[in-house]
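What follows is a short report on a single structure.
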Amino acid sequence: MRSPLVALLLATVLHAQDAERRPPNIVFLFTDDHAPHAISAYGSKVNVTPNIDRLASDGMLFRNSFCGNSICGPSRATILTGLHSHGNGFRQNGDKFDGEQTTFPKLLKAAGYTTAMLGKWHLTSDPTGFDYWEVLPGQGVYYNPDLIGPNGRRRVEGYCTDVVTDLALDWLESAKESGKPFLLMCQHKAPHRPWQPGPQELGMFRDATIPEPATLFDDHSTRGPAAAKHTMGVEDHLLMAYDLQCPVDEKERLYGYWANTRKRMTDAQREAWDAAFAAENEEFLASRPTGEALVRWKYQRYMKNYLRCVAGVDRNIGRVLDWLDENGLRENTIVVYSSDQGFYLGDHGWYDKRWMYEESFQMPLIVRWPGHAMPGSTSTSLVQNIDYGPTFLAAAGVDIPGSMHGRSLVPLLEGRTPRDWRQSVYYHYYESNSEHTVPAHEGVRTSRYKLIHFYEPRYDYWELYDLEKDPDEMQNLADAPSAKLVRAELEAELLRLKRQYAVPGS
Ligand code: SGN
Ligand code: CA
């Protein structure tokens with residue numbers, strides 16, 4: 001007869017082997033417009049994100065993580081398909097995602113996973129490949145959001161980030177019971193415009209002064225002509241009521257988005273909202289700063305609300321991580337934190353995204369995978385959202401379709417960078433003549449340089465930046481004699497990438 005100790009050891013070993021064999025669960029925590037420089041694990045100077053940081057200290061943080069097209073729908077379509085925008089057909093917001101095509105959730109489902117998509121979707125057609133889905137219509141709203149699912153539409157009382165997390169936790173309970181490995185895509189609206197914080201975060205940063213970025217008063221004169229023609233300025237384009245929650249006259253107080261948001265709130269929500277903004281708004285209206293002082297006021301108000309929305313995300317991520325711990329699912333679950341693109345936090349005097357410049361080109365990417373990704377590790381390899389699908393498939397032991405543009409990050413996570421890992425990434429933004437006035441452009445980035453081609457008839461020129469010497473991208477070297485050789489190399493690399501990815505016209 002075996003001793004109880006031997007039996008216990010044997011059971012532990014068998015359990016470990018079983019866990020080893022069982023495909024990992026995947027919890028994909030995703031937000032909208034959360035720039036890496038508003039995450040303390042990425043060295044934020046403006047806020048702290050203790051729960052996202054928990055993931056970073058238990059897993060791997062990617063320092064050179066980029067999107068292929070810095071806008072919502074396209075980034076999401078790329079994640080689902082592992083394809084750049086031209087490959088999945090979703091080039092700009094408002095396009096309709098072809099849900100018939102191959103996506104990684106469909107492949108995981110076929111391999112025995114139970115799958116769910118919750119929260120912001122923004123791909124126009126209904127989600128496919130999910131056993132369960134309930135998504136925000138369009139951009140969704142922050143307070144008492146409507147949700148649409150296969151059985152219709154309903155309104156749920158509460159703050160959107162909390163509501164989506166509640167749905168996620170409910171679904172996780174059922175997924176746990178199912179006995180199947182699960183894929184949860186939990187996708188928040190926050191911290192997307194118009195930056196409306198939840199009741200729990202309204203009081204944050206009250207007496208704080210958020211540090212300003214060095215480029216807040218950038219006049220864009222050292223870049224090509226398009227940058228100065230933007231309509232995403234903190235100074236000129238943030239709207240007092242809609243964006244900054246400070247209606248300036250009777251009309252703004254009674255009508256429009258700000259007034260409608262208040263009407264949509266419950267009495268308790270409205271009371272908390274008014275208590276948070278009323279005194280500060282009165283003070284602003286009494287003093288009416290102008291010039292640089294007004295820009296500074298707008299920056300503070302914008303950033304505080306953005307960061308309050310981020311804090312709501314961080315708190316809710318903590319809820320999901322706690323649930324995994326409490327349910328014994330920490331070990332065999334991959335948890336990813338990412339956001340559809342970066343964002344300007346007053347950098348270059350801007351909000352919004354779209355440009356290939358670093359702040360909006362970057363995506364946060366943090367992966368916790370116990371037993372695979374070393375706790376507290378970082379990677380500087382060039383990675384992109386085309387890699388997410390292949391990574392999840394590889395982790396689950398499912399074949400990666402050869403047609404996908406991306407590569408599995410599993411070797412990077414396990415500390416084995418393949419010798420032939422990519423040396424450059426491709427970017428292409430198509431949504432010209434649209435909100436915020438960013439013309440179509442494409443480009444290539446290596447570990448040191450970035451080459452951008454604005455290619456519309458009205459703007460046809462190149463920009464080149466040396467990111468090592470000029471991390472803020474203030475000096476366009478495209479026509480500098482000293483950069484001639486580098487530019488030729490980058491142009492050749494861009495063409496090579498376009499051919500590799502079969503970009504039309506290459
Ligand atoms: C909305 C916003 C824009 C934002 C786009 C795209 N305007 O149209 O400021 O650039 O979404 O954002 S708003 O008046 O509706 O707030 S994305 O993240 O969905 O791509
Ligand atoms: Ca977005």
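Atoms within each ligand, like the ligands themselves, are counted from 1 in listed order.
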Atom 5 (C) of ligand 1 sits nearest the protein heavy atom Arg354 NH2, 3.6 Å

Taken in chain and number order and not counting sequence neighbours, the residues that satisfy ring pair (Phe, Tyr, Trp, His ring centres under 6.0 Å) with Phe182 are none

Taken in chain and number order and not counting sequence neighbours, the residues that satisfy ring pair (Phe, Tyr, Trp, His ring centres under 6.0 Å) with Phe277 are Trp273

**OP:** Please confirm whether His237 comes under 4.0 Å of ligand 1, counting heavy atoms of the residue only.
**Re:** no

For atom 12 (O) of ligand 1, the closest protein heavy atom turns out to be Lys353 NZ, 2.8 Å

Residue, atom and distance of the protein heavy atom nearest atom 19 (O) of ligand 1 read Gln139 NE2, 2.8 Å

Does Tyr351, backbone or side chain, put an N or O under 3.5 Å from an N or O of ligand 1? no

Of all protein heavy atoms, the one nearest atom 8 (O) of ligand 1 is Glu435 OE1, 2.6 Å

Under 3.5 Å, is there a donor on one side chain and an acceptor on the other for His453 and Tyr461? no

Quick note on ligand 1: atoms under 4.0 Å from a heavy atom of Gln341 include exactly 18 (O)

A student checking ligand 1 against Asn93 at a 4.0 Å heavy-atom cut-off should list atoms 6 (C), 17 (S), 19 (O), 20 (O)

* **Worked check of side chain to side chain donor-acceptor pair (under 3.5 Å) between Ser434 and Gln92** => CA-CA 10 Å; Ser434 160; Gln92 54 187 55; over 6 Å; no

Of Arg223, Lys450, Glu463, the one forming a side chain to side chain donor-acceptor pair (under 3.5 Å) with Tyr357 is Glu463

Note to self: Parallel, tilted or perpendicular: which one describes the rings of His84 and His405, with boundaries at 30° and 60°?
What the structure shows: tilted

Worksheet item: Distance-only, no hydrogens or angles: does the Asp387 side chain make a donor-acceptor pair with backbone N or O of Arg407 under 3.5 Å?
Response: yes

Heavy atom of Tyr242 under 4.0 Å from ligand 1? yes

Passes side chain to side chain donor-acceptor pair (under 3.5 Å), Arg264 versus Tyr143? Steps please. CA-CA 7 Å; Arg264 195 184 175 97; Tyr143 276 85; over 6 Å; no

Atom 9 (O) of ligand 1 has as its nearest protein heavy atom His436 NE2, 2.7 Å

Taken in chain and number order and not counting sequence neighbours, the residues that satisfy ring pair (Phe, Tyr, Trp, His ring centres under 6.0 Å) with Tyr257 are Tyr242

d(Arg288 CZ, Trp297 CH2) to nearest 0.5 Å is 9.5 Å

Per side chain to side chain donor-acceptor pair (under 3.5 Å), Asn316 is matched among Asp162, Thr31, Asp166, Asn51 by Asp162

Protein-side N, O or S atoms sitting under 3.0 Å from the Ca ion (ligand 2) are Asp32 OD1, Asp33 OD1, Asp340 OD1, Asp340 OD2, Gln341 OE1

The protein heavy atom nearest to atom 4 (C) of ligand 1 is Asp352 OD1, 3.5 Å

Counting heavy atoms under 4.0 Å, the part of Lys120 that contacts ligand 1 is side chain

**Report entry** Any N or O of Cys72 closer than 3.5 Å to N or O of ligand 1
**Finding:** yes

